[in-house]
Amino acid sequence: MTPRVRFAPAPTGFLHVGSARSALFNWLFARNQGGTMVLRVEDTDASKKTQEFVDAIVEPLQWLGIDWDEGPYFQSDRRELHAVAVQQLVDSGRAYFCDLSREDIDAKAEEAGLPPGYHGWSRDRDVADGPGVVVRFRAPGEGSTVIDDEIRGMVEVQHSTVEDFVIRRGDGSPVFLIANAVDDYEMGITHVIRGEDLLNTAPKVVLLWNALGYGKPPTYAHLPLLVNDQGKKLSKRRDSVALGAFRKEGYLPEAMVNYLALLGWGPADEVEVRPLSEIVELFSLDAVNKAPAMFDRKKLDHINGEYINAMSPAEFVAAAEPWLTGTDTLWPAEAYRPEVAEALAPELQQRISKLSDAAGWLSWLFVAPSDYDEKGWTKAMVKGRVADRVLDNVIAALETIDFHDPEAIEAAVMGVGADLTEELSDRVLSQAPVRVALTGGGAGIPLWQAMSLLGDDECLARLRAARARLD
RNA sequence: GCCCCAUUCGUCCAGCGGCCUAGGACGCCGGCCUUUCACGCCGGUAACACGGGUUCGAAUCCCGUAUGGGGUGCCA
């Protein structure tokens with residue numbers, strides 16, 4: 001039997017990194033096994049599908065390179081099937097109607113001195129169906145259900161701990177437990193791969209599955225949770241988890257997916273950064289870890305940096321374009337010169353870990369620095385030896401050379417340092433004042449080629465401006 | 001409270017009874033290279049939660065304890 005898996009997100013806002021990881025592991029398993037991946041939207045809560053869903057779920061999945069073979073199916077389109085299953089359970093006596101509210105239940109539990117929860121009060125009350133009436137599953141009470149989990153092994157849950165849970169709401173809509181059982185059965189799902197936070201619901205679905213006479217339930221595989229640096233489940237509230245936000249920050253999809261694959265799983269050969277195709281080949285569910293995994297930005301950044309560094313200059317400039325031509329840049333849009341960015345790309349690529357970092361390193365090539373970095377200025381101009389003479393001599397030297405030749409520029413600037421060193425018998429670093437004068441800061445990409453691209457007029461103008469400021 | 005799950009360097013992963021004086025990666029700390037910052041290279045730091053078993057032999061199997069996490073809804 002060829003495996004069939006499903007990724008079944010609830011359409012609540014954006015795609016979360018945790019969900020993306022679940023989608024990825026389903027996908028890796030399916031592709032590794034030559035199986036089928038189904039996309040199913042768990043919108044039992046009668047929400048809006050269409051564009052909003054596409055933007056929130058489909059688009060990010062496509063960005064990551066996760067595709068599917070069937071769907072998207074919408075649970076809301078399958079209400080009839082769910083209703084039939086509920087009816088079947090009611091007819092067979094496996095489920096019954098209940099009109100107790102949450103308050104009623106709490107009050108009854110307290111009154112009876114029982115632990116909080118529903119204790120089967122409506123089982124024999126013969127409540128009639130109607131508005132606001134729910135359907136509850138009649139839990140067995142005795143015995144146990146064993147979940148055969150590919151990652152965790154056999155997980156046994158005593159039925160005495162399973163209360164008569166709701167399978168249909170008061171408004172007639174099905175709860176995901178019954179929808180899951182019906183849809184997984186109807187769609188022939190063989191492996192249910194999802195987060196560990198759903199492990200507790202598995203026995204309930206299996207109970208329904210068996211009550212419906214579906215035969216052998218699917219194999220489960222509960223993935224370890226993704227947690228924050230405090231060891232808590234990643235949540236929308238306190239953690240930055242929207243996949244779209246990572247994209248905006250300049251993470252590459254290849255890096256993102258590579259990193260996500262490493263959370264809860266690792267290849268035996270210990271090679272971490274590698275193409276997705278290789279990960280597909282090596283992936284196996286029983287090699288997935290059981291312990292929660294911390295989502296670590298630093299490692300993500302490192303991997304992203306490796307992918308950035310591996311790009312060709314042209315690819316890099318194309319990928320970084322949104323961050324170089326946008327409205328957030330320090331320079332006017334018309335000042336941007338892609339050929340300059342491409343020429344300097346190799347130097348940039350080894351220095352940045354996110355595409356959004358590119359602009360900061362390149363800024364001075366498209367607009368004169370509005371101000372000098374105070375520390376850089378002090379170090380190079382004030383504390384730096386004889387900065388005034390260095391600049392005078394550099395300006396004079398640059399006026400006579402061919403600016404198309406980066407090596408000539410280097411020779412001119414460095415020659416000034418060497419000459420002064422000889423004269424003063426103490427080392428003079430001529431590069432520092434030049435860098436501050438041109439870029440405004442004390443650190444950056446190598447100067448010579450960049451100066452050549454900037455041009456003699458602009459370089460000289462900035463050098464003279466800095467020199468004037470020294471007087 | 002009750003139920004479920006987990007526990008190898010700070011972090012992610014390798015390890016699936018002997019190859020482990022526990023390996024890789026990120027981070028961190030040194031050094032080399034370099035008239036900037038990086039990259040690169042070299043080196044270092046640091047872990048089998050604890051206690052009992054089982055076994056000739058345990059990080060690996062079993063049981064407890066501790067700690068952490070998840071669930072406990074007419075959310076999924």
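As the structure is a prediction and not an experimental result, all values here were calculated from the model. Just so we're on the same page: letters track the sequence lines, and every chain starts at 1.
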Looking for any heavy atom pair under 4.0 Å, which part of the strands does [X] touch: base, sugar-phosphate only, or nothing?
X: A/Gly444; answer: base
X: A/Gly441; answer: nothing
X: A/Leu348; answer: nothing
X: A/Val155; answer: sugar-phosphate
X: A/Ala432; answer: nothing
X: A/Asn289; answer: sugar-phosphate
X: A/Pro115; answer: nothing
X: A/Ala443; answer: base

Using the [atom1] atom as the reference point in each nucleotide, state the distance between [N] and [M] in Å, no decimals.
N: B/C62; M: B/U67; atom1: P; value: 23 Å
N: B/C3; M: B/U60; atom1: C1'; value: 29 Å
N: B/C13; M: B/G71; atom1: C1'; value: 27 Å
N: B/A22; M: B/U65; atom1: P; value: 32 Å
N: B/U21; M: B/G53; atom1: C1'; value: 26 Å
N: B/A59; M: B/C19; atom1: P; value: 9 Å
N: B/A14; M: B/C9; atom1: P; value: 13 Å
N: B/A58; M: B/G1; atom1: P; value: 36 Å

* Verify the ring-centre separation between A/Phe176 and A/Phe165: is it less than 6.0 angstrom? => no
* Asked: B/G70 phosphate, OP1 or OP2: any side-chain N/O from A/Lys233 under 4.0 angstrom?
  -> no
* Asked: Hey, is the main chain of A/Ala358 close enough, under 3.5 Å, to the side chain of A/Arg351 for a donor-acceptor pair?
  ->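 It does not hold such a pair.
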If you check every side-chain atom of [X], which of [options] has the closest atom?
X: A/Val166; options: B/G69, B/C74, B/U7; result: B/C74
X: A/Leu225; options: B/A14, B/G69, B/C74; result: B/G69
X: A/Ala268; options: B/A14, B/C12, B/U36; result: B/A14
X: A/Gln431; options: B/C12, B/U35, B/A14; result: B/U35

Does any nucleotide pair with [N] by Watson-Crick or G-U wobble geometry, both distances under 3.5 Å, and what is it?
N: B/A25; result: B/U11
N: B/C39; result: none
N: B/A6; result: B/U67
N: B/U55; result: none
N: B/U34; result: none
N: B/G73; result: none

* Got more than 12 heavy atoms from elsewhere within 6.0 Å of OH, A/Tyr185? ->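 It does not: A/Tyr185 OH has 12 such atoms or fewer within range.
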* To do: Taking atom NZ of A/Lys375 as the centre, report whether more than 12 heavy atoms of other residues, nucleotides or ligands fall under 6.0 Å from it.
  => no
* Which sits closer to the 5' end of RNA chain B, A/Ile445 or A/Pro116, going by the nucleotide each is nearest to? -> A/Pro116
* Hey, which of these two, A/Lys379 or A/Arg102, hits RNA chain B nearer its 5' end, going by closest nucleotide? -> A/Lys379
Can you measure [X] atom [atom1] to [N] atom [atom2] for me and round it to whole angstrom units?
X: A/Asp183; N: B/A76; atom1: CG; atom2: P; value: 13 Å
X: A/Lys298; N: B/G10; atom1: NZ; atom2: P; value: 15 Å
X: A/His82; N: B/C74; atom1: NE2; atom2: P; value: 19 Å
X: A/Arg152; N: B/C16; atom1: CZ; atom2: C1'; value: 17 Å
X: A/Glu196; N: B/C5; atom1: CD; atom2: P; value: 9 Å
X: A/Asp149; N: B/G70; atom1: CG; atom2: P; value: 18 Å
X: A/Arg194; N: B/A76; atom1: CZ; atom2: C1'; value: 10 Å
X: A/Leu263; N: B/C12; atom1: CG; atom2: P; value: 8 Å

* A/Arg152 and A/His222 side chains, donor-acceptor separation under 3.5 Å ->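 The answer is no; no qualifying pair exists.
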* Between residues 197-211 of chain A and RNA chain B, which residues have a heavy-atom gap below 4.0 Å? ->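 Hits under 4.0 Å, by residue number: A/Asp197, A/Leu198, A/Leu199, A/Asn200, A/Thr201.
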Would [X] pass as a cation-pi partner of [Y], given that its NZ or CZ must be under 6.0 Å from the six-membered ring centre and within 45 degrees of the axis?
X: A/Arg21; Y: A/Phe25; value: yes
X: A/Lys108; Y: A/Tyr118; value: no
X: A/Arg136; Y: A/Tyr96; value: no

So, under a plain 3.5 Å distance rule, would you say the side chain of [X] forms a donor-acceptor pair with the base of [N]?
X: A/Arg351; N: B/C37; result: yes
X: A/Glu270; N: B/G23; result: yes
X: A/Gln350; N: B/G40; result: no

* Report the C-alpha separation of A/Glu42 and A/Asn180 in whole Å, then their side-chain angles, then the decisive distance to 0.1 Å, and conclude whether the side chain to side chain donor-acceptor pair (under 3.5 Å) test is met. => CA-CA 9 Å; A/Glu42 311 257 297; A/Asn180 260 204; 2.9 Å; yes
* To do: In plain terms, say whether A/Arg125 and A/Asp99 are close enough for a salt bridge, that is, a side-chain N and a carboxylate O under 4.0 Å apart.
  =>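 Looking at A/Asp99 together with A/Arg125, the answer is yes, because their closest N to O distance falls below 4.0 Å.
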* **CG on A/Asn304 to CG on A/Asn309, rounded to 0.5 Å** =>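 CG of A/Asn304 is found 11.5 Å from CG of A/Asn309.
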